[in-house]
Amino acid sequence: MGARDIQTLLLASLGGALEFYDFVVFVFFALPISHLFFPPDMPQWLAQLQTYAIFAAGYLARPLGGIVMAHFGDRQGRKRMFTLSVFLMALPTLAIGALPVYASVGLLAPLLLLCLRVMQGVAIGGEVPGAWVFVAEHAPRGRVGFACACLTSGLTAGILIGSLTAAWMNHHFSPADVLRGWWRLPFVLGGVFGFVAVWLRRWLSETPVFAELHARKALSEALPLRTVLAGHGGSVVISMAVTWMLTAAILVLILGLPSLVQKSFGIPADVAFLGNSVAAFCLGLGCVAFGWLVDRIGAAWALIAGSVALVIVTYLMFGDLAAGGTHFLPLYALTGFLVGTVAVVPTIMVAAFPAPIRFSGISFAYNVAYAVFGATTATFIGYLAGTAGRMAAAHYVTITAAVGVAVAVWLLVKGRGKAELTT
């Protein structure tokens with residue numbers, strides 16, 4: 001990869017990390033938000049439930065933002081939408097940090113919070129698919145897997161930044177201090193850094209693939225999404241299936257596990273969040289490793305190897321937790337590394353659609369699947385817990401990993417195991 005390719009990857013990954021931080025930091029401060037944005041006489045469990053419902057609203061808004069931004073990305077250029085998405089994330093994040101609380105404006109406080117969260121969902125719906133398309137179409141032939149994986153690693157770094165910010169805040173400020181106003185700091189910083197990312201993306205250039213399409217007047221003449229749904233249903237199904245695996249690995253094993261191990265296995269909060277930070281760091285490394293593997297053995301074989309290994313280590317970790325959690329930290333670190341298998345997913349998706357409709361195809365499949373599976377993951381695990389007990393989360397990850405393996409086998413049968421870009 002040349003110097004220009006590396007610069008593109010670095011700028012895209014940095015902006016993606018800051019934008020993903022803006023999106024997920026909400027969940028790390030859900031407890032003080034539940035205290036401040038709802039009536040003080042409301043039961044705490046209900047306030048927390050409504051806070052998480054506002055968090056989920058961001059996921060439900062993703063398809064809308066993704067579809068609209070992808071339409072213009074396929075018709076007017078990848079770079080414009082790539083820059084717009086980070087601006088649309090920075091603005092509401094900064095505004096959340098300046099919101100009045102319930103004690104000041106009553107019910108208007110949670111309503112404003114909901115509106116800003118929906119704006120964040122719209123932004124992230126365009127950012128993730130747009131970022132994958134952008135770096136894939138800039139990458140040299142034979143390096144698409146590594147490029148997409150580096151971008152994915154950057155996105156997951158946003159989770160690590162959020163986790164470290166929460167840990168730093170909890171260490172330096174008491175819960176009372178956080179409620180008195182320090183909860184605003186992570187959102188203000190996220191907004192400010194988001195605007196820095198907007199400025200940095202000015203230095204990016206349009207993708208060579210889109211520039212060639214524009215020069216040949218080969219852009220989609222029909223509505224891109226209509227073309228996707230009419231002639232690329234199989235690609236949509238494949239992309240949704242691997243997105244399901246991605247959501248399970250990230251939501252269950254990274255974002256949700258700290259709370260799960262405290263409630264179900266009695267792991268102390270400081271140990272749980274330390275493990276989460278280590279796992280998030282290892283996830284970033286794992287993404288890069290699996291991207292490297294994709295370019296050498298193909299996306300299908302990399303997905304099979306990663307999925308099988310992830311299932312094995314997940315059961316080892318949950319078995320250790322059931323026995324007291326003696327080896328929780330090293331096993332969680334290894335699990336985080338193998339969650340890096342999700343870096344294979346964007347390579348499969350960018351190769352599934354031709355260039356004129358690539359942004360719209362990925363955006364529709366990814367965002368709809370993420371909204372559906374992201375919103376139902378907690379409910380489904382709760383159902384499994386009633387029959388499978390504390391191992392429910394491991395069983396759920398296994399189900400989705402099996403789906404990923406099935407997709408990989410199908411790609412190999414069809415001779416598409418390398419998952420190379422098409423024009």
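Annotation: salt bridge (charged side-chain N to carboxylate O under 4.0 Å, His left out) contacts involving residues 49-74, sequence neighbours excluded, comprise D74-R78. Counting only residues at least two apart or in different chains, side chain to side chain donor-acceptor pair (under 3.5 Å) contacts with residues 23-34 comprise S34-Q44. Identified under the ring-ring contact (aromatic ring centres under 6.0 Å, His included) test for residues 113-144, with sequence neighbours left out: F82-F134, W132-Y366, F134-H138.
The residues E206 and R80 are annotated as not salt-bridged, no charged nitrogen and carboxylate oxygen being separated by less than 4.0 angstrom. The pair R201-E127 meets the salt-bridge criterion, with a side-chain N (NZ, NE, NH1 or NH2) lying under 4.0 Å from an Asp/Glu carboxylate O.
Between L155 atom CG and S13 atom OG the span is 7.5 Å, to the nearest 0.5 Å. For the atom pair CD1 (I297) and NZ (K418), the distance works out to 8.5 Å, reported to the nearest 0.5 Å.
Listed by chain and residue number, W244 satisfy the ring-ring contact (aromatic ring centres under 6.0 Å, His included) test with F373 (two or more places apart in sequence, or in another chain). Residues that satisfy the ring-ring contact (aromatic ring centres under 6.0 Å, His included) test with H395, not counting sequence neighbours, are Y315. For W410, there are no side chain to side chain donor-acceptor pair (under 3.5 Å) partners at least two apart in sequence or on another chain. Annotation: salt bridge (Lys or Arg N to Asp or Glu O under 4.0 Å) contacts of R416 (sequence neighbours excluded): none. The side chain to side chain donor-acceptor pair (under 3.5 Å) test applied to W301 returns no partner, not counting sequence neighbours. Residues satisfying the side chain to side chain donor-acceptor pair (under 3.5 Å) test with T83, not counting sequence neighbours, are none. Taking S363 as the reference, N367 meet the side chain to side chain donor-acceptor pair (under 3.5 Å) condition, with sequence neighbours excluded.
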Report, one line per pair, each donor and acceptor closer than 3.5 Å where one atom sits in a side chain of residues 275-283; sequence neighbours left out.
| from | atom 1 | to | atom 2 | distance (Å) |
| --- | --- | --- | --- | --- |
| N276 | OD1 | S163 | OG | 3.2 |
| N276 | ND2 | I254 | O | 2.6 |
| N276 | ND2 | Y332 | OH | 3.3 |
| S277 | OG | S163 | OG | 3.0 |
| S277 | OG | F273 | O | 3.2 |

Could you pull out all donor-acceptor pairs under 3.5 Å where a side-chain atom in residues 224-240 meets a protein atom, sequence neighbours excluded?
| from | atom 1 | to | atom 2 | distance (Å) |
| --- | --- | --- | --- | --- |
| T227 | OG1 | L223 | O | 3.4 |
| S235 | OG | A352 | O | 2.8 |
| S239 | OG | S235 | O | 2.9 |

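Listed for the S153 side chain is no donor-acceptor partner under 3.5 Å among the backbone atoms of A149.
R117 forms a cation-pi arrangement with F26, by the criterion of a distance under 6.0 Å to the ring centre and an angle within 45° of the ring axis.
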